[in-house]
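Small disclaimer: the values here were computed from a predicted structure and weren't measured.
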Amino acid sequence: MNTTNRRATRALSAIMAILSFFIVQPGILRSQVQDHEEGFFLRLSAGGGAASTEVTDGANTVGFSGSAGDINFAIGGIVASNLALHGTLFGWTITEPDIEVNGQTLSTDGDLTLGALGAGVTYYFMPVNIYLSGSVGFGRLEYKQGSVEGGSLRGLVFDATVGKEWWVGDSWGLGVALGLGLHSIPEEGVDDNWSGGSVTLRFTATMN
C-alpha cells in the first residue's frame, strides 16, 4: 500500500474508532427491537483477511497471494421492510504479496490492489439483525513496486457478505461481518483473465 493509501486507511480506522466510541459511550447496546423500515442507509466496513489472483498466458502462470486489508462502503436507502439497495465501493490491498511463477514462489515489497465500484442489495433478518448482502461491479487490479506501476483492464468483481449487528442508538448499529469476494478481470494482450478471490473479516458501522 503506498503512503497515500496507508494514510487514508489509518484515517478511516481512526474515524470509525472515534465514531464507535461516541455512539456506544452514552449507554449500553440497545435491547429493544428495531426494524429497517425506511430512510437513508450507510454501512462502513473495514477489516482484513486473505486474497489471491492468477492469470495464465500460454505456458506461463503467474499468481499473487497474501494477507489483505479490505474495505466495503455501501450507501443507498431502504426500499422495503428490512431491504436496502445501495451503491458499493469495495476492494482489497495485499502488501508485499507472494508471487508464484510456474510453481516457483518469489517475494516482493510491492502492493497489489483491487478496487471496484458497483451496486448491491442488503436484506436484514429481524429481530436478530443478521443480514445478507451482495454487490457486483466493475474493478481493476493495480500493482506498484517503487517507481514501477501497472494495471489491468476493468472486469467483473463480486462480493457476498453475511453479518450481525447490534443497535447502539436510534439510527446506528455496530457489528461484524464475513465477506467473500470473487473476480474475473481481463489483461491487455493476454487471453486469460486474472481470477481469484478473497475471504475477510470486517468490523461494521451502519446508519439507518
remark   = On a heavy-atom basis, the closest approach of S52 and H183 is O-CE1, 3.4 Å
key: E38 atom CD, over 12 foreign heavy atoms within 6.0 Å   = no
message = Under a 3.5 Å cutoff, is there a donor and acceptor pairing between the side chains of N129 and H36?
response = yes
task = Starting at CH2 of W194, measure out to CD of E54 and round the result to the nearest 0.5 Å.
result = 9.0 Å
request  = For the residue pair S184 and S195, confirm or rule out a side-chain donor-acceptor distance under 3.5 Å.
outcome  = no
task = Flag yes if M126 and Y131 sit in one hydrophobic cluster, no otherwise; membership is Ile, Leu, Val, Met, Phe, Trp, Tyr, and two members link when side-chain heavy atoms are under 4.5 Å apart.
result = yes
task = Test side-chain contact (heavy atoms from CB on, under 4.5 Å) on L42 and F40 and set out the steps.
result = CA-CA 7 Å; L42 172 67; F40 178 73; 3.6 Å; yes
task = Check step by step if salt bridge (Lys or Arg N to Asp or Glu O under 4.0 Å) holds for R140 and E142.
result = CA-CA 7 Å; R140 68 191 299 262; E142 295 183 356; 2.6 Å; yes
ask   = Quick one: does V162's side chain get under 4.5 Å of L132's, heavy atoms only?
value = yes
query = Quick one: do L178 and V128 end up in the same hydrophobic cluster if we chain Ile, Leu, Val, Met, Phe, Trp and Tyr together by side-chain heavy atoms under 4.5 Å apart?
reply = yes
request  = Any chance you could measure T113, atom OG1, to L141, atom CG, to the nearest 0.5 Å?
outcome  = 9.0 Å
key: Heavy-atom check, side chain of N60 versus side chain of V55, under 4.5 Å   = no
ask   = Can you tell me how far CG of L112 sits from CG of D98, rounded to the nearest 0.5 angstrom?
value = 12.0 Å
message = Keeping D109 on the side-chain end and E96 on the backbone end, is there a donor-acceptor pair under 3.5 Å?
response = no
key: Shared hydrophobic cluster, V136 / I71 (ILVMFWY, side-chain heavy atoms < 4.5 Å)   = no
task = Provide the closest heavy-atom pair for W167 versus D35 in the form atom of the first, atom of the second, distance.
result = CZ2-O, 4.4 Å
query = Is the backbone of N72 close enough, under 3.5 Å, to the side chain of S45 for a donor and an acceptor to pair up by distance?
reply = yes
request  = Over 60° means perpendicular and under 30° means parallel, so classify the ring planes of F41 and Y124, tilted if in between.
outcome  = perpendicular
ask   = Would the number of heavy atoms belonging to other residues, nucleotides or ligands and lying under 6.0 Å from CG of D191 be above 12?
value = no
key: Any side-chain donor near an acceptor of the partner, T206 and N208, under 3.5 Å   = no
inquiry  = Can you pull out every side chain to side chain donor-acceptor pair (under 3.5 Å) where at least one residue sits in residues 148-157? Sequence neighbours excluded, please.
reply    = none
Spacing of L182 atom CG and L180 atom CG [to the nearest 0.5 Å] = 5.0 Å
message = Between N82 and F125, does the side-chain contact (heavy atoms from CB on, under 4.5 Å) criterion hold? Intermediate values first, please.
response = CA-CA 7 Å; N82 301 314; F125 297 89; over 6 Å; no
ask   = In terms of hydrophobic clusters joined by side-chain contacts under 4.5 Å, are Y143 and I94 together?
value = yes
inquiry  = Are W172 and F73 connected into the same hydrophobic cluster when the rule is that any two of I, L, V, M, F, W, Y join if their side-chain heavy atoms are below 4.5 Å apart?
reply    = yes
key: CA sep, side-chain torsions, deciding dist, call: L114, V157, side-chain contact (heavy atoms from CB on, under 4.5 Å)   = CA-CA 9 Å; L114 184 149; V157 185; 3.8 Å; yes
note = Closest non-hydrogen contact found for P97 with G110 is CD-O, 3.3 Å
All N/O donor-acceptor pairs, side-chain side in residues 85-92, below 3.5 Å, sequence neighbours left out:
{"from": "H86", "atom 1": "ND1", "to": "T88", "atom 2": "OG1", "distance (Å)": "3.0"}
{"from": "H86", "atom 1": "NE2", "to": "T122", "atom 2": "OG1", "distance (Å)": "2.8"}
{"from": "T88", "atom 1": "OG1", "to": "S135", "atom 2": "OG", "distance (Å)": "2.8"}

request  = Answer whether the closest heavy-atom distance between the side chains of I185 and L153 falls below 4.5 Å.
outcome  = no
